[in-house]
Amino acid sequence: MKQIQDHYFYKAKKDGYVARSVYKLQEIDQKYHLLAKRNRVLDLGCSPGSWLQYAAKQVGKKGEVVGIDLSVVSLKLPENVSVVQADIFDYPFQEEFDYPFDVILSDMAPKTTGVKSVDAQRACNLCERALHIASHHLKPAGVLLVKAFQGGPFEQLRRNFQQQYSRVKVYKPKSSRQESVEIFLLGLQKK
Ligand SMILES: C[S@@+](CC[C@H](N)C(=O)[O-])C[C@H]1O[C@@H](n2cnc3c(N)ncnc32)[C@H](O)[C@@H]1O
């Protein structure tokens with residue numbers, strides 16, 4: 001993952017987080033109160049692991065965080081975190097998870113080509129997959145947070161969220177670079 005060496009990069013080092021992306025989740029969590037003690041959380045696209053670190057603290061020892069990523073997470077993680085190395089398009093979620101999550105997070109990013117329309121579609125495919133996984137594995141009234149790309153298929157994605165969640169928010173955290181097309185889509189209160 002490309003690291004931007006700005007204020008948040010150095011702050012992450014100081015605070016003991018493995019990536020600056022943690023401050024996007026922290027800001028959204030502080031605004032919308034996504035994560036609570038004892039929650040069971042699924043983190044899609046979790047490597048190198050800063051969201052796992054943050055979520056593990058928020059849910060506490062009686063909560064649980066499960067991460068999944070194509071890449072290995074080499075970080076030493078707390079006992080309430082487990083990680084699977086897999087592709088979310090192939091992983092047998094139905095067989096592996098027999099009880100639902102309170103919160104599903106996705107900071108997944110596709111391999112980019114530089115062609116805007118292709119990259120936006122790839123990002124959207126990851127979000128649609130997260131939405132589908134949540135339709136089976138998120139509790140009623142649960143929360144789904146995904147990173148999306150602005151433009152292209154984004155408006156359709158937002159409408160798809162609106163069909164499945166009572167409240168849908170679009171949010172650009174301060175730590176997300178202004179020039180980046182990334183934007184977060186939050187589904188609250190799964191119907
Ligand atoms: C921006 S990074 C996530 C950073 C992470 N939230 C953190 O704070 O450390 C995006 C991740 O999405 C993962 N990813 C992309 N496509 C994936 C897929 N199909 N299945 C699983 N993980 C995927 C990538 O391997 C990459 O590690």
Side-chain angles (χ1 to χ4, degrees), residues 1-30 34-114 119 122-123 125-127 129-130 132-134 137-138 143-149 173-177 180-182 184:
M1 190 177 67
K2 198 171 87 185
Q3 284 274 19
I4 314 295
Q5 299 204 353
D6 63 357
H7 158 74
Y8 292 106
F9 173 87
Y10 293 105
K11 182 168 166 49
K13 281 203 171 309
K14 192 169 124 276
D15 294 346
Y17 288 112
V18 74
R20 70 188 287 292
S21 1
V22 69
Y23 300 109
K24 302 174 199 172
L25 176 59
Q26 184 186 62
E27 187 181 331
I28 297 169
D29 184 37
Q30 285 172 352
L34 314 183
L35 298 163
K37 294 286 176 222
R38 295 173 180 261
N39 273 178
R40 188 162 187 255
V41 178
L42 176 63
D43 181 7
L44 303 169
C46 63
S47 181
S50 76
W51 283 27
L52 294 174
Q53 291 176 294
Y54 178 81
K57 271 188 211 163
Q58 297 308 111
V59 303
K61 287 193 174 134
K62 293 192 173 154
E64 183 191 359
V65 184
V66 179
I68 178 164
D69 203 292
L70 292 168
S71 305
V72 175
V73 175
S74 42
L75 187 69
K76 187 168 172 4
L77 290 158
E79 278 182 7
N80 59 347
V81 181
S82 56
V83 174
V84 186
Q85 188 183 1
D87 186 329
I88 54 118
F89 289 102
D90 300 334
Y91 188 68
F93 288 93
Q94 302 282 37
E95 289 162 34
E96 298 297 330
F97 300 136
D98 48 11
Y99 60 104
F101 292 90
D102 300 287
V103 178
I104 298 184
L105 307 171
S106 168
D107 191 26
M108 286 187 292
K111 281 212 166 70
T112 49
T113 61
D119 295 343
R122 286 187 181 179
N125 294 347
L126 291 170
C127 295
R129 180 69 180 151
H132 177 76
I133 293 165
H137 298 285
L138 184 65
V143 172
L144 172 63
L145 173 70
V146 303
K147 178 169 74 184
F149 281 15
K174 287 192 202 73
S175 54
S176 173
R177 287 168 302 122
S180 160
V181 290
E182 77 177 13
F184 287 83

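Keep in mind that the numbers below use all heavy atoms, side chains included, and drop hydrogens, waters and symmetry copies. Numbers here are sequence positions counted from 1.
When all heavy atoms of Pro110 and Arg122 are compared, the pair lying nearest together is CB-CB, 3.6 Å. Between Gln53 and Leu77, the shortest heavy-atom distance links the atoms CG-CD2, 4.4 Å. Heavy atoms only, all atoms of each residue included: Cys46 and Val73 are closest at SG-CG2, 3.9 Å. What you find for Lys147 and Cys127 is that their closest heavy atoms are O-SG, 3.1 Å.
Using a 4.5 Å heavy-atom cutoff, the side chains of Ile104 and Val143 are not in contact. Counting only heavy atoms from C-beta outward, the side chains of Leu44 and Leu105 never approach each other to under 4.5 Å. Residues Val81 and Val66 are not in side-chain contact: their nearest non-hydrogen atoms beyond the backbone lie 4.5 Å or more apart. Between Asp102 and Val41 the shortest side-chain heavy-atom distance does not fall below 4.5 Å. The closest side-chain heavy-atom distance from Val83 to Leu52 is below 4.5 Å. Using a 4.5 Å cut-off on side-chain heavy atoms (C-beta onward), Val84 and Tyr91 make contact. Side-chain contact between Pro100 and Leu138 is absent, with no heavy-atom pair separated by less than 4.5 Å.
Using a 30° and 60° split on the angle between ring planes, His137 and Phe97 fall in the perpendicular class, above 60°. Between Tyr23 and Tyr17, the two ring planes are perpendicular [angle over 60°; tilted spans 30° to 60°].
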message: Using the rule given for side-chain contact (heavy atoms from CB on, under 4.5 Å), can you reason through Arg38 versus Val59, listing the C-alpha separation, both sets of side-chain angles and the distance that settles it, and then say yes or no?
response: CA-CA 5 Å; Arg38 295 173 180 261; Val59 303; over 6 Å; no
task: Please test Leu145 against Leu25 for side-chain contact (heavy atoms from CB on, under 4.5 Å), starting from the C-alpha separation and ending with a verdict.
output: CA-CA 9 Å; Leu145 173 70; Leu25 176 59; 3.9 Å; yes
task: Check the pair Leu126 / Phe89 against side-chain contact (heavy atoms from CB on, under 4.5 Å), numbers first and verdict last.
output: CA-CA 9 Å; Leu126 291 170; Phe89 289 102; 3.6 Å; yes
Worked verdict on Thr112 versus Asp119 for side-chain hydrogen bond (donor to acceptor under 3.5 Å, both in side chains): CA-CA 5 Å; Thr112 49; Asp119 295 343; 4.7 Å; no
task: Evaluate side-chain contact (heavy atoms from CB on, under 4.5 Å) for Lys174 paired with Glu27, printing each intermediate quantity in order.
output: CA-CA 8 Å; Lys174 287 192 202 73; Glu27 187 181 331; 3.5 Å; yes
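Here the side chain of Asp6 pairs a donor or acceptor atom with the backbone of Tyr8 at under 3.5 angstrom. Put simply, the side chain of Trp51 never gets that close to the backbone of Asp107: no donor and acceptor are under 3.5 Å apart. Proximity of a side-chain donor or acceptor of Asn39 to a complementary backbone N or O of Glu64 within less than 3.5 Å is not detected. Not one N or O on the side chain of Asp69 forms a donor-acceptor pair closer than 3.5 Å with the backbone of Gln85. A distance-only check finds no donor-acceptor pair linking the side chain of Ser106 to the backbone of Val146 [under 3.5 Å]. At distances below 3.5 Å, not a single donor-acceptor pair connects side-chain atoms of Asp15 with backbone N or O atoms of Ala12. Between the side chain of Arg20 and the main chain of Lys13, no donor-acceptor pair closer than 3.5 Å is present.
Under the 4.0 Å criterion applied to side-chain N and carboxylate O atoms, Lys24 and Glu182 are assigned as salt-bridge partners.
Taking the ring axis of Phe101 as reference, the NZ or CZ atom of Arg40 stays within 45° of it and closer than 6.0 Å to the ring centre.
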